[in-house]
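When reading the values below, keep in mind they use all heavy atoms of this one structure, side chains included, and skip hydrogens, waters and symmetry mates.
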Amino acid sequence: MIADRVEETPDLQGAHPRLSEAQIAALAALGHRRATRPGEILFRQGQRDCDFFVVLAGNVAVVDGHGTPEERVIGVHGRGRFLGELSLLTGEASFYTAVAADAGEVLAVPVGRLRELIAGDPAFGDLVLRAYLLRRSILIGLGAGLRIVGSRYSPDARRLRDFAARNRLPCRWLDLEADPGAEALLRQAGVTPDETPIVIVYGRLLRNPSNAELATAVGLPAPGTLHAGSDLVVVGAGPAGLSAGVYGASEGMRTVILDSTATGGQAGTSSRIENYLGFPSGISGAELAERAVLQARKFGATFAVPAQATTITRDGGNYRIGLGDGTSVTAGSVVIATGASYRRLDVPRLEFFEQMSVYYAASQAEALLCRGDPVAIVGGGNSAGQATVFLSRHAARVTLIVREPDLSDGMSRYLIDQVERVGNVRVLLRTEVRELLGDQALEAVAVEDNQTGARSIVEARALFVFIGAAPCTRWLGGLVELDDHGFVRTGGTARPAGAADRADGRNTGWQRSVLETSQPGIFAVGDVRSGSAKRVAAAVGEGAIAIRLAFERARAS
Ligand SMILES: Cc1cc2nc3c(=O)[nH]c(=O)nc-3n(C[C@H](O)[C@H](O)[C@H](O)COP(=O)(O)OP(=O)(O)OC[C@H]3O[C@@H](n4cnc5c(N)ncnc54)[C@H](O)[C@@H]3O)c2cc1C
């Protein structure tokens with residue numbers, strides 16, 4: 001079958017550039033050339049730390065579900081093109097199999113040597129990184145990689161789909177209620193519907209795995225791999241935490257970055273950030289996060305995802321952060337970057353509809369799920385505006401439901417202009433959602449004009465909610481001072497004369513700095529901080545400043 005498909009896939013999106021002769025020569029010095037036989041497997045789905053392959057002659061096919069009844073060729077690449085995608089650089093296992101389509105020749109470069117070349121040759125590094133980021137998006141769009149099979153009404157199926165979406169794991173969702181392929185796949189795997197959800201990862205079947213089990217199966221960094229002691233622990237891997245991680249590691253601090261869900265935080269759920277410096281045509285939050293993760297890793301930072309911080313206590317001159325799986329990490333400096341989590345609507349039957357039709361993010365994964373459907377979006381801020389513009393390209397029509405009388409009360413002008421320009425968007429001002437309607441899944445929402453009390457029905461198969469967020473600070477257990485709304489207070493007040501300014505209770509005369517919390521050596525950055533700007537650029541800036549301060553403090557202690 002593969003030998004039949006030897007026509008090269010056209011490069012419509014710039015994801016499959018051809019290397020120049022000079023680039024191939026530079027790579028040849030780092031690897032070895034070898035002949036390929038038709039049908040030869042260069043690397044398999046599920047394999048980690050594969051070589052970086054450049055096709056020198058013949059064609060190589062990229063195959064999803066190799067060796068299964070669902071096998072399909074998703075790309076064919078000829079001379080000068082290189083193989084692989086983001087997982088090669090992040091250490092995740094490969095999401096597909098590469099098979100030589102005919103007799104030819106490849107150049108195989110060990111991935112460690114590839115990293116050296118990327119670090120030493122920025123033009124080549126940019127070319128590979130750009131292609132790999134695009135390929136990840138293409139894989140997600142194709143529904144390649146993992147298979148999640150379950151009922152749309154199962155909370156665990158929803159949890160697994162969300163985890164895959166937030167971590168940008170390419171996957172296909174097979175809904176037992178609607179997809180005939182789902183039952184066939186279950187029969188084949190010898191699984192009954194009541195044993196679902198299941199995840200098929202590289203031919204392995206996982207029955208209702210926890211997020212941590214799924215993470216381990218795909219090669220995400222699990223907490224068990226953390227060092228016993230570090231100089232810096234960053235809790236939260238949104239823009240603020242990623243920035244602290246990049247700067248901490250680049251200053252030579254042994255840095256650990258934890259996140260309970262996925263790297264990228266709220267920004268990772270944003271389809272397009274248009275006001276971040278240096279990206280005039282905008283950048284998706286996922287791409288920004290993926291780039292930052294690679295950058296932090298390059299400087300030696302260690303990640304743990306999913307790893308939920310549940311406690312923080314003093315431990316001699318250090319702080320100990322307890323994690324949800326019972327393990328802990330210690331460090332002399334801690335950066336709290338746990339941001340904020342979405343607020344939920346106060347309407348009946350929300351929990352029921354949350355299992356299949358209510359979303360708190362509008363990324364490529366959600367867009368695929370509601371393609372061609374009417375959708376409603378609640379919220380009057382920039383996140384709602386972005387979601388409106390993005391989803392209007394995928395949904396049949398979008399209704400934006402806003403409580404305020406004017407969009408300019410909460411949305412930036414550039415987004416209002418975009419929302420007003422889109423043909424399939426209707427904006428309902430002074431309007432609030434009162435009821436979610438539908439028997440099995442969402443069919444419509446009942447809304448009310450908050451001035452006249454008039455009710456109407458808005459058809460919607462999916463509801464997207466962007467109505468603000470509450471700080472993630474419960475895990476701090478009272479160790480650091482919070483404001484009346486639960487955000488972490490930083491800087492500002494002078495420490496009383498003689499009060500301890502070190503975690504071990506001693507006093508060195510150090511004054512609390514601008515991003516430092518009420519506990520010496522613990523800093524708070526980004527949306528979790530009282531009075532923060534709630535912007536990506538501000539979060540990134542604060543992450544960098546906190547490291548400077550942590551460094552100075554560690555030197556002074
Ligand atoms: C849809 C959307 C679009 C947006 N668009 C823009 C935009 O265009 N421009 C702009 O400037 N801003 C935008 N914002 C706001 C911006 O994303 C936030 O200001 C920014 O993400 C804040 O970064 P942060 O790192 O402080 O926190 P967050 O991004 O909230 O990240 C916090 C991280 O901490 C993790 N965490 C929480 N608790 C724990 C715990 N106990 N243990 C371990 N980890 C934990 C979370 O999982 C999360 O990953 C948008 C927000 C949303 C939701």
Side-chain angles (χ1 to χ4, degrees), residues 152-153 158 161-162 165 173 175 178 266 269-272 341-412 415-416 418-469:
R152 68 175 71 168
Y153 306 118
R158 175 69 196 259
R161 281 160 54 199
D162 281 349
W173 159 236
D175 182 358
Q266 294 171 67
T269 68
S270 167
S271 47
R272 192 138 289 266
S341 60
Y342 54 78
R343 285 190 207 285
R344 299 163 75 227
L345 282 174
D346 183 15
V347 288
R349 298 178 70 211
L350 176 68
E351 276 181 16
F352 172 72
F353 287 110
E354 272 181 333
Q355 290 165 28
M356 69 312 242
S357 318
V358 178
Y359 302 94
Y360 297 91
S363 68
Q364 198 183 1
E366 287 80 15
L368 279 177
L369 291 170
C370 64
R371 198 164 30 194
D373 287 337
V375 306
I377 298 172
V378 192
N382 280 357
S383 41
Q386 273 178 19
T388 303
V389 175
F390 174 64
L391 291 171
S392 67
R393 286 183 228 128
H394 303 270
R397 51 190 180 281
V398 178
T399 307
L400 176 62
I401 302 167
V402 184
R403 196 171 52 173
E404 289 72 27
D406 200 311
L407 274 186
S408 61
D409 288 350
M411 204 177 284
S412 298
L415 270 170
I416 298 176
Q418 290 183 19
V419 168
E420 287 174 350
R421 271 202 301 270
V422 189
N424 61 344
V425 170
R426 182 170 64 128
V427 181
L428 300 179
L429 297 170
R430 293 187 308 268
T431 305
E432 295 180 39
V433 176
R434 293 286 177 246
E435 265 184 89
L436 307 181
L437 307 172
D439 292 332
Q440 303 280 330
L442 190 71
E443 288 165 20
V445 294
V447 297
E448 186 177 295
D449 184 310
N450 60 23
Q451 281 196 337
T452 64
R455 284 210 172 204
S456 56
I457 302 293
V458 173
E459 196 192 357
R461 302 273 177 279
L463 179 68
F464 291 82
V465 182
F466 298 99
I467 54 171

Excluding sequence neighbours, so at least two apart, what forms side chain to side chain contact (heavy atoms under 4.5 Å, CB included) with [X]?
{"X": "Ala178", "answer": "Arg152, Asp175"}
{"X": "Leu429", "answer": "Val402, Leu407, Val427"}
{"X": "Gln364", "answer": "Ser137, Ile140, Arg168"}
{"X": "Ser456", "answer": "Val447"}

[X] versus [Y]: any side-chain heavy-atom pair under 4.5 Å?
{"X": "Arg461", "Y": "Leu442", "value": "no"}
{"X": "Ile377", "Y": "Phe466", "value": "yes"}
{"X": "Leu345", "Y": "Val358", "value": "no"}
{"X": "Leu369", "Y": "Trp173", "value": "yes"}
{"X": "Val389", "Y": "Arg272", "value": "no"}

Considering all heavy atoms of both residues, which atom of [X] and which atom of [Y] are nearest to each other, and what is their separation?
{"X": "Met411", "Y": "Leu400", "result": "CE-CD2, 4.2 Å"}
{"X": "Pro374", "Y": "Ala396", "result": "N-CB, 4.2 Å"}
{"X": "Phe353", "Y": "Ala441", "result": "CE2-C, 3.6 Å"}
{"X": "Gly385", "Y": "Val419", "result": "O-CG2, 4.0 Å"}
{"X": "Asp409", "Y": "Glu404", "result": "OD2-CB, 3.4 Å"}

Name all pairs fulfilling the salt bridge (charged side-chain N to carboxylate O under 4.0 Å, His left out) condition that reach into [range], sequence neighbours left out, sorted by first residue then second.
{"range": "residues 425-436", "value": "Glu432-Arg434, Arg434-Glu448, Glu435-Arg455"}
{"range": "residues 369-382", "value": "none"}
{"range": "residues 379-403", "value": "Arg397-Glu459"}

Does anything in residues 353-362 form a side-chain hydrogen bond (donor to acceptor under 3.5 Å, both in side chains)? List the pairs, not counting sequence neighbours.
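Output for this query lists Arg344-Glu354, Glu354-Tyr360.
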
For [X], all residues meeting side-chain hydrogen bond (donor to acceptor under 3.5 Å, both in side chains), sequence neighbours excluded:
{"X": "Asp406", "result": "Ser408"}
{"X": "Ser341", "result": "none"}
{"X": "Glu366", "result": "Arg166, Ser363"}

Pairwise ring pair (Phe, Tyr, Trp, His ring centres under 6.0 Å) hits with a residue in residues 365-390, at least two apart
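Passing the test, one end in residues 365-390: Phe390-His394.
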
Quick one: [atom1] on [X] to [atom2] on [Y], what's the gap to the nearest 0.5 Å?
{"X": "Leu391", "Y": "Ser271", "atom1": "CG", "atom2": "OG", "answer": "7.0 Å"}
{"X": "Leu463", "Y": "Leu436", "atom1": "CG", "atom2": "CG", "answer": "6.5 Å"}
{"X": "Thr388", "Y": "Ile416", "atom1": "OG1", "atom2": "CD1", "answer": "11.5 Å"}
{"X": "Asp162", "Y": "Thr269", "atom1": "CG", "atom2": "OG1", "answer": "11.5 Å"}

Assess the side chains of Tyr153 and Gln440: does a donor N or O sit below 3.5 Å from an acceptor N or O?
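Tyr153 vs Gln440: donor-acceptor pair found between side chains.
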
